[in-house]
Amino acid sequence: MKTILILANSSGGLYDFRNELVLELRKHYKVAASLPDSVKTDLLEKEGVEVIKTPVNRRGVNPFEDLKLLETYKDLIRRYQPALVLTYTIKPNIYGGMACAALGVPYIATITGLGSAFEKKGLFLSMIEIMYRRGLRKADCVFFQNQENLNLFRQYSLVTGKSRLVSGSGVSLAAHPFMEYPEGNDTYFLYVGRMMREKGIGELLTAARRLSGERVHFGLMGYCDEDWQEKLDEAQQQGFIDQLGFHTEVNEYYKKASAVVMPTYHEGMSNVLMEASACGRPVIASNISGCREIFEDGVTGIGFAPKSADSLTDALKKFLALDRGQRAAMGQAAHDKMAREFDRTKVTAAYMQEIEKAVLTK
């Protein structure tokens, strides 16, 4: 049985967003996954995946640390002799791609988003472009999750071979089933994600200070990826927000939510918005690529300008002006859109098609 090696930076991301692909691969191949954490490795191992613990500093820029990661990936490829390597997220894409190219192993990369790298200027941006070119130059296929990212990579010649556009990671309608809209007169806005500037936490805290009250509540779920804890604690002590911590199971929180808020600056394709929509919850999201594909303004959610606390506040006020029937109808339309356009089985089928082509032509 041939082996597929997966290089990623999160066991939770692999299990939550790509498990259908993993299960499909297990029908035909041995699967090994190089991951830096153990959040959901036990679940992957129960499915027959061999997990290899590999430290990855997602936000680090230490060149010696990154060279070590490159050599680690080369060692893994020599050890497992995979028929194909799948890479996800920036460092696995770059250094995993370099390792595969050097050793002549087929690989498929996925651009899950641009992060903050392309907001930089000068030498740092030039270095990122060079590394992406080297990492992706021999990929059998590069998957993109939104058209804007694909256009940018083509514009800068970061991808010159085959590329393919999919609807993000898609959403599992079984894992995130439709839920009846909550009863009651209170409005509960839910944010799910990391607490960091680029996710719009500053703007969200400002809006919460303006709008929270006896009938309007803000819940923030996730962990701090930057130094926001003091400001979050202060906002909670003043009664503006409720910190919910990090949870691997989010459906019970979606169930209680009136709407899910996503004030991010950039996204590949927001998994949170897809999950919330599948559960039948309206979304209030930045009007950017990676979000706007998921919601229809005024139909399944409400959009606003990124990096603007005023625009976010106005969008929240628009939602607050809706009655329960209008909100519930918006949630139903959101679910219907996910079932129609974002079913994960379609994304899995696209990956399997490219994997089988690459393996057969080896």
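Along the sequence shown, residues carry numbers from 1.
- Ring-centre distance between Phe153 and Phe144: below the 6.0 Å cut-off.
- Both Leu21 and Leu84 sit in one connected hydrophobic cluster of ILVMFWY residues. Membership requires side-chain heavy atoms under 4.5 Å apart, directly or through other members.
- Remark: the Gln243 side chain and the Gln229 side chain contain an N/O donor-acceptor pair separated by less than 3.5 Å.
- Applying the ring pair (Phe, Tyr, Trp, His ring centres under 6.0 Å) test to Tyr351 and every residue at least two apart in sequence or in another chain returns Phe143.
- By the salt bridge (Lys or Arg N to Asp or Glu O under 4.0 Å) test, Arg292 pairs with no residue at all, sequence neighbours left out.
- Judged as a salt bridge (charged side-chain N to carboxylate O under 4.0 Å, His left out), not a single pair has a partner in residues 137-147 (not counting sequence neighbours).
- If you chain together hydrophobic residues whose side chains sit under 4.5 Å apart, Leu220 and Met196 never meet in one group.
- Using modelled atom types, one finds no donor on one side chain facing an acceptor on the other under 3.5 Å when comparing Glu45 with Thr41.
- In this structure, Asp75 pairs ionically with Arg78, as a charged nitrogen and a carboxylate oxygen lie closer than 4.0 Å.
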Kindly list each side-chain donor-acceptor pair under 3.5 angstrom involving residues 178-186, sequence neighbours excluded, with atom names and distances?
unit_1 : atom_1 : unit_2 : atom_2 : d
Tyr181 : OH     : Ser258 : O      : 2.7
Asp186 : OD1    : Arg215 : NH1    : 2.7
Asp186 : OD2    : His217 : NE2    : 3.1

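- With sequence neighbours excluded, the residues forming a side-chain contact (heavy atoms from CB on, under 4.5 Å) with Glu356 are Tyr29, Met352, listed by chain and number.
- Annotation: cation-pi geometry not satisfied between Lys199 and Tyr265 (NZ/CZ under 6.0 angstrom from ring centroid, within 45° of ring axis).
- A donor and an acceptor atom, one from each side chain of Arg344 and Ser172, are nowhere located under 3.5 Å apart.
- For Phe319, the ring pair (Phe, Tyr, Trp, His ring centres under 6.0 Å) partners are Phe189, not counting sequence neighbours.
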